Amino acid sequence: MTVTQEDVLSVLKRIAAPDGRGNIVSAGLVSDIAIQGATVMFALTTAPQHVRTMENLRGAVEKAVLGIPGVEKAMVALTAERAPQQGGPAQAQQQARGSAIPGVKHLIAVASGKGGVGKSTTAVNLALALHSLGLRVAVLDADVYGPSMPKLFGLTGKPEASDATGKKMKPMKRYGVELMSIGFLVPEDTAMIWRGPMVMSALTQLLRETEWSPADVMVIDMPPGTGDVQLTLAQQTPLSGAVIVSTPQDLALIDARKGLNMFRKVNVPVIGILENMSYFVCGKCGERHEIFGHGGAREEAARIGVPFLGEIPLDKEVRLRSDSGEPVVATQPESLHAAIFRDVARQVWAALESGGLARPAPRIVMENG
Ligand code: ADP
């Protein structure tokens, strides 16, 4: 039996809003309904001071949704954000892109079409390279399915509350860069089961409820892939641009193209493609080995008219340092890798500051009625 959005809405409309403002749907508390097979997920908006009452409501709402024939699982995320307004597609698109983060000049996404291409390694080293240029840098680990930033930065422990009300958290800090990750807040296995609307509400909270210092650039390590979660994240975050990481294999390039299309779809300018694990220089013979073939990403970038930012060689030291929380740019600044990352950082910063990344104006759609 297929569960539809209408089935869910009609059940939710029977539940009263807590402050007597009609039902929870008409009061605008329900958003981001997603249905995957027999699982129904959505977000329930609440003001921070009502979280306790809403917890009871959440139980009742889950029970009601579980009563719909065909529903086996109901996941309701409480979010302190305002629910998106109702409206036409153009209106929704304009409203959906979140407001700027106070004090943060540019947000950039580091993305990849699939996992394992070195996206997180690139994000951390790019952030550190931007910092080495004298910029103030923050990192948001949005890879909720496998948050690796705590490990890459060699940080453990939990962020502290920034004041007595406990409404905001202080970011963690290492190597001169501020960092926030879901990995500091929940055990690793919990992070794996986050889905759809919950990912978005968790990330919105990490982004907006962290007491970030003023920053020139915030680097966001995106979840790998180009599915709905990534698309929503790209759309709802006020990004200045995106960097796409790819390996030279054809398959990875196909995935990189998906990444490009995703950002284009939501009008986020692509700053460029970076080829990781591009070649291997043998430590013994000094020869360059192009294990996965070479030049694919550069050619592809030229073909589709996106800047090519550089080639990062495959290197055991990069892996060892990444995995032990000593990223190469911070701990081995004289290495070839660090120099390449600094070069990429210069290009990224130049693109951000040139103003040439202006996103196309949103299309205005006139709607009748
Ligand atoms: P992703 O974020 O795309 O899943 P990671 O950054 O976690 O990828 O990298 C996957 C693995 O590959 C990690 O063990 C990392 O240390 C290693 N790695 C990434 N880039 C390189 C590189 N240029 N040389 C060697 N190992 C790398």
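This is a predicted model, so every value here is computed, not measured. All ligand and atom numbering here is 1-based and tracks the order in the structure.
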Problem set entry | Distance-only donor-acceptor check, side chains Ser120 and Asp221, under 3.5 Å | yes

For this session: Answer with side chain, backbone, both or neither: which part of Asn276 has a heavy atom less than 4.0 angstrom from an atom of ligand 1?
Result: side chain

Exercise. Between Val328 and Ser335, what is the shortest heavy-atom contact and its length?
Worked result: CG2-OG, 3.6 Å

Seminar exercise, completed: Of Asp323, Thr121, Val117, the one whose closest heavy atom lies nearest atom 19 (C) of ligand 1 is Thr121

Exercise. Counting from 1, what ligand 1 atoms have a heavy atom of Ser120 closer than 4.0 Å?
Worked result: 1 (P), 2 (O), 6 (O)

Exercise. In chain order, what residues pass the ring pair (Phe, Tyr, Trp, His ring centres under 6.0 Å) check against Trp212, with sequence neighbours excluded?
Worked result: none

Exercise. What do we get for Thr122 next to ligand 1 when only non-hydrogen atoms under 4.0 Å count, side chain, backbone, both or neither?
Worked result: neither

Problem set entry | Among His337, Arg321, Lys119, Arg319, closest by any non-hydrogen atom to atom 26 (N) of ligand 1 | Arg319

Exercise. Does ligand 1 have any atom sitting under 4.0 Å from a heavy atom of Gly116?
Worked result: yes

Exercise. Mind checking whether Arg321 and Thr331 have side chains closer than 4.5 Å, heavy atoms only?
Worked result: yes

For this session: May I ask you to list the atoms of ligand 1 that are less than 4.0 angstrom from any heavy atom of Met277?
Result: 12 (O), 18 (N), 19 (C), 20 (N)

Problem set entry | Within-shell test, Pro313 vs ligand 1, heavy atom, strictly < 4.0 Å | yes

Seminar exercise, completed: Per-atom filter on ligand 1: closer than 4.0 angstrom to a heavy atom of Ser322 are 16 (O)

Problem set entry | Note: Arg136-Glu178 ion pair, threshold 4.0 Å (strictly below) | no

Exercise. Does atom 11 (C) of ligand 1 have any protein heavy atom closer than 4.0 Å?
Worked result: no

Exercise. Angle class for the Phe153/Tyr175 ring planes (parallel below 30°, perpendicular above 60°, tilted otherwise)?
Worked result: tilted

For this session: Flag the pair Glu160 and Lys168 as a salt bridge only when some basic side-chain nitrogen lies within less than 4.0 angstrom of an acidic carboxylate oxygen.
Result: no

